[in-house]
Amino acid sequence: MDILFQANAFIVALALYAGAALLSLFAGWQLRDGGKVANRVAHFGACVASLLLLVFSIGVFLDGEGKMLSFASPFPDISFAFRIDGLSAFFLGLIGGIAALASWFGVAYQKHFIGKYDLGMFGFFYNAFLLGMVLAVSANQALFFLFSWELMSLASYFLVIFDREDSRNIRAGFLYLLMTQLGTVFIAIALFLAYKATGSFDFDVWRATGLASLSPVWQGVLFGSVLIGFGTKAGIIPLHIWLPEAHPAAPSHVSALMSGVMIKTAIFMIIRFFFDFFPGAPLEWGLVILVLGAVSSLLGVLYALSEHDIKRLLAYHSVENIGIILLGVGAALVFAGYGLQDFFVFALVAALFHTANHAIFKSLLFLTSGVVVGVTGTRNMEAYGGLIRVLPYSAFFFLIGSMAISAFPPFNGFASEWLVFQSLFVGVAASSLLVKMIFLASIASLSFTGGLAMACFAKAFGITFLGRRREEHLSERAPEKERMNWLVHLPMIILATLTLVLGIGAPFVVSFLVGIVASLVFGTGGETLAFPYLQFMGMSENFAGILPVHGTAVALAVFVAVIGAVIGWLTRKRRITLAPTWDCGMPLSSKMQITATSFSRSLVVIFRGILRPTKQTDVEYRDAETRYFTSVHSVKTDFFDVYRSYVFRPIAQALGYFSDRVKKIQSGNVNAYMFYVFMTLILLLIFTTR
Amino acid sequence: MSENFLGIFFLLGIIAFLTAVFMHLVRRSRSLVRLYALQSFAVSMTFFLLGFLGGDRSLMLVAAAIIFLVKVIIAPAFFGKILRKLSGSSSTNNYLSTPMTLLVLTGLVLFSFSKVFLPLSAIYPQAFVSVALNIALVFISIFLLINRRGVFAQMVGMLSLENSIVLFAAFFGLRHPLPLEIGMIFDIVIWMVIASFFLGMIYRQFGTLSTADMKRLTE
């Protein structure tokens with residue numbers, strides 16, 4: 001087993017991803033089987049590589065030593081340098097675990113695309129996407145990182161537009177590409193600013209010298225660039241607009257990966273920049289991140305609540321959860337600014353814990369929603385209803401995921417949100433009124449978020465799985481009751497179990513995460529994880545118990561079990577009688593039950609100032625002239641898109657206006673172009689010899 | 001390098017520089033070709049002298065011979081043949097008038113002698129004037145591409161620019177190995193053939209070789 005813990009395993013995993021990508025492309029190209037073999041090669045290859053990666057990252061923690069690897073590159077200024085410290089290993093484990101399960105699921109899920117699309121090409125981009133993510137969190141050189149980041153982004157673009165017959169997917173892909181490239185521009189600015197400060201692209205040099213040598217103005221530019229660049233990928237409001245478009249467009253297991261782990265790579269880099277490369281970052285940066293986190297979490301869940309497309313709903317919850325993670329990151333930065341190391345560690349641990357938890361329950365929800373969409377053929381929740389009878393297993397797993405994301409104890413979502421809450425409560429004790437107010441607002445936002453998430457998933461589960469079937473034709477698509485299929489359900493079983501295990505075992509997970517954060521921050525150089533984190537666990541006395549695993553909790557559990565047993569024994573002879581619901585003598589119809597729109601209506605009305613709902617009614621009459629008898633009465637509800645209207649459209653218009661003006665220099669005269677080249681040369685000469 | 005040889009190099013540099021200046025002033029394309037041949041002769045002589053004085057004598061002499069053969073003999077003959085074919089459009093104008101052109105050329109020479117290029121004097125501290133002159137030659141060649149309306153003049157301007165860069169590199173010890181030099185010369189020959197071919201196509205399409213009449217290329 002030792003070999004798996006060595007760096008060789010990491011290299012083998014990378015080679016497996018690359019091999020699976022090429023083999024699947026080759027199989028899709030050469031074999032005339034509609035992509036059957038290519039599909040298996042791509043997903044099983046990715047699954048094996050991801051499992052190896054997971055084992056390797058566990059090995060790093062067991063070994064207690066980080067790994068450093070470097071390979072020469074034929075390109076100037078680029079070296080293929082890897083650094084797998086505690087933080088990298090944590091994210092690698094997350095990517096490996098989720099990717100292994102998603103790939104396993106993908107074997108069965110992609111079957112309905114066999115013969116329809118080129119699955120060899122899909123397999124190529126799927127493995128390239130995974131490879132890009134792995135490289136992005138292990139690269140130790142700026143230009144190599146940028147290459148990995150672009151590989152991840154571009155490969156995921158091709159996955160988003162995979163189902164290209166739907167023009168909405170093409171549009172979603174274009175928006176995603178546009179936003180991701182916008183993010184890359186800012187990331188490049190941040191990397192080059194760091195180069196300006198250190199004179200090197202080597203992350204180790206950045207760590208050693210820090211980026212504090214930049215002037216305050218450039219530091220501000222660096223902060224803004226990091227936040228916009230990585231915030232675009234993470235889906236921070238208002239840079240999130242690609243997320244609810246692109247995640248639903250991709251196949252469900254890809255959505256699980258994009259939402260579960262890809263957007264977390266941005267969180268990884270934000271942590272790297274602000275805690276690893278720039279220790280001692282200004283306190284105000286933390287406050288800005290706190291505000292953005294509070295806004296993203298609250299608005300994310302509100303938009304989710306107003307959604308009726310099940311995958312868009314889940315995508316908006318990603319925005320919400322990224323907001324929660326940022327609350328932890330922001331609080332950590334503020335505590336670091338105050339020099340409160342204990343609290344700083346716990347806030348960052350809360351952020352990391354929620355990162356892992358969100359990856360798990362969101363993947364579970366995307367996979368189950370994939371089954372629902374596959375059976376019904378639509379993402380519109382208004383067409384669902386009563387699916388629990390057809391999809392009992394998927395309904396059960398969706399319920400588990402819903403409870404976890406709604407922060408129900410004892411699931412993992414509760415544990416990490418509770419930890420974030422506690423971190424925020426500490427901040428309220430700050431001496432500055434502004435800091436105090438921001439922490440208070442963050443707490444209020446998180447409280448709202450928790451409640452609204454619960455309402456949202458009550459709607460999602462209730463409308464989808466309970467009640468009566470709304471669209472009768474859907475019965476024809478799913479004539480048989482769902483059977484246990486290991487290819488489909490095994491990942492769900494593992495993910496659902498993990499939500500419970502990580503929730504109940506939260507104290508152990510936290511102590512493990514404290515080790516990671518401590519090794520990152522407190523001068524162990526990241527090469528060794530043997531940090532005495534148990535000392536830091538002593539400060540847990542400052543906090544409430546994360547989960548009741550103590551004596552009182554056990555007593556409570558025993559009490560509940562005894563009461564349950566007594567009630568069960570007393571009512572054992574009571575018979576259950578099934579009878580139709582009384583509805584005043586009318587025939588029962590699915591139209592009598594509450595819809596997703598009506599379920600969320602009251603909350604939408606309360607938050608109408610933010611959500612800006614719009615309503616368009618249309619009536620058609622049987623008698624056009626007298627207009628007594630209506631034939632069709634339709635109501636179309638929508639929401640005013642504030643971000644497109646007030647943020648992106650004005651920017652696009654300004655760019656268009658500027659481009660029109662700039663176009664005038666494009667005269668078509670070659671002499672004029674030579675003149676531009678010449679003037680540029682002169683100006684550069686003057687600038688460089690200044 | 002003795003003072004005498006420095007003087008000769010300076011003289012050759014002056015010849016190359018003056019040919020570039022006169023390229024702006026002449027109207028007839030045939031005169032342009034002659035000036036280019038003279039400039040190339042100065043370049044090949046510089047290579048010859050460097051080969052004669054330096055350690056790797058044979059290589060530089062071979063390079064000088066190839067430059068002489070291609071740029072002083074073959075290229076002018078080739079261009080002469082093209083000009084005979086396109087006799088109707090062998091004369092072109094500048095965008096700027098002659099006084100204005102001279103004014104800009106003066107500005108470029110002054111800029112070449114400015115402190116912007118002082119760091120370059122470290123290459124050859126004894127001959128800053130030659131350094132500046134070479135830089136001026138580069139600028140004046142680029143300006144030829146900007147100022148002349150004729151496609152043919154622009155082709156000659158491009159070759160003059162190449163001459164100026166080769167001269168700069170050779171004179172200041174930045175010379176390339178012989179295979180690279182031969183590769184560049186081969187490149188120029190191919191470029192001339194292709195450019196001539198396109199020249200013919202452009203003439204057939206537009207009935208002119210004036211870039212001012214080709215503004216609609218973008219549409």
Side-chain angles (χ1 to χ4, degrees), chain A residues 72-78 143 174 177-178 181 185 192-201 205 209 213-215 217-218 651-690, chain B residues 24 92-96 101 104-105 107-122 131-132 135-136 138-155 157-158 160-161 164-165 195 198-199 202 206 208-219:
Chain A
S73 123
F75 310 106
D77 292 328
I78 295 185
L143 297 182
F174 179 70
L177 190 66
L178 200 69
Q181 290 309 303
V185 169
F192 282 106
L193 277 176
Y195 176 79
K196 177 183 159 70
T198 59
S200 171
F201 284 119
V205 176
T209 56
S213 61
L214 287 170
S215 69
V217 174
W218 284 118
I651 292 174
Q653 283 171 345
L655 274 176
Y657 178 82
F658 180 70
S659 304
D660 279 344
R661 297 290 168 279
V662 169
K663 210 170 76 177
K664 286 186 178 170
I665 68 168
Q666 191 191 357
S667 60
N669 187 331
V670 72
N671 299 72
Y673 296 152
M674 283 306 300
F675 177 69
Y676 303 145
V677 172
F678 189 49
M679 288 315 293
T680 310
L681 175 72
I682 298 279
L683 289 174
L684 282 176
L685 278 169
I686 294 171
F687 180 74
T688 49
T689 54
R690 204 156 44 101
Chain B
H24 281 272
T92 53
N93 292 323
N94 292 347
Y95 273 99
L96 299 180
T101 301
V104 173
L105 293 183
L108 288 175
V109 173
L110 287 176
F111 179 62
S112 308
F113 278 82
S114 70
K115 65 175 184 177
V116 170
F117 298 101
L118 266 182
L120 283 179
S121 64
V131 175
I135 293 166
V138 173
F139 286 156
I140 289 172
S141 299
I142 298 175
F143 185 59
L144 189 68
L145 295 171
I146 298 169
N147 196 27
R148 294 304 286 252
R149 288 174 193 264
V151 173
F152 186 80
Q154 289 188 334
M155 278 173 64
M158 184 63 83
S160 170
L161 177 63
S164 61
I165 292 168
F198 276 108
L199 207 66
I202 289 169
F206 295 98
T208 176
L209 285 180
S210 171
T211 56
D213 298 328
M214 291 183 223
K215 283 184 180 172
R216 300 292 170 224
L217 286 174
T218 51
E219 291 174 6

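Lettering follows sequence order; numbering is per chain, from 1.
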For this session: Please identify each residue that fulfils side-chain contact (heavy atoms from CB on, under 4.5 Å) with A:Tyr195, with sequence neighbours left out.
Result: A:Phe201
For this session: Under 4.5 Å heavy-atom distance to chain A, tell me which part of B:Phe117 shows up: side chain, backbone, both or neither.
Result: side chain
Problem set entry | Atom group of B:Ile135 that falls short of 4.5 Å from chain A, counting heavy atoms | neither
Exercise. Where the side chain of B:Tyr95 meets the backbone of A:Asn671, is there a donor-acceptor pair that is under 3.5 Å apart?
Worked result: no
Exercise. Under the criterion side chain to side chain contact (heavy atoms under 4.5 Å, CB included), which of B:Leu144, B:Val138, B:Ile140 is the partner of B:Leu161?
Worked result: B:Val138
Seminar exercise, completed: Assert top hit (heavy-atom pairs under 4.5 Å, partner chain B, pool A:Ile682, A:Val677, A:Leu681) equals A:Ile682
For this session: Determine whether A:Phe675 and A:Ile665 make a side-chain contact, defined as any pair of heavy atoms from C-beta on separated by less than 4.5 Å.
Result: no
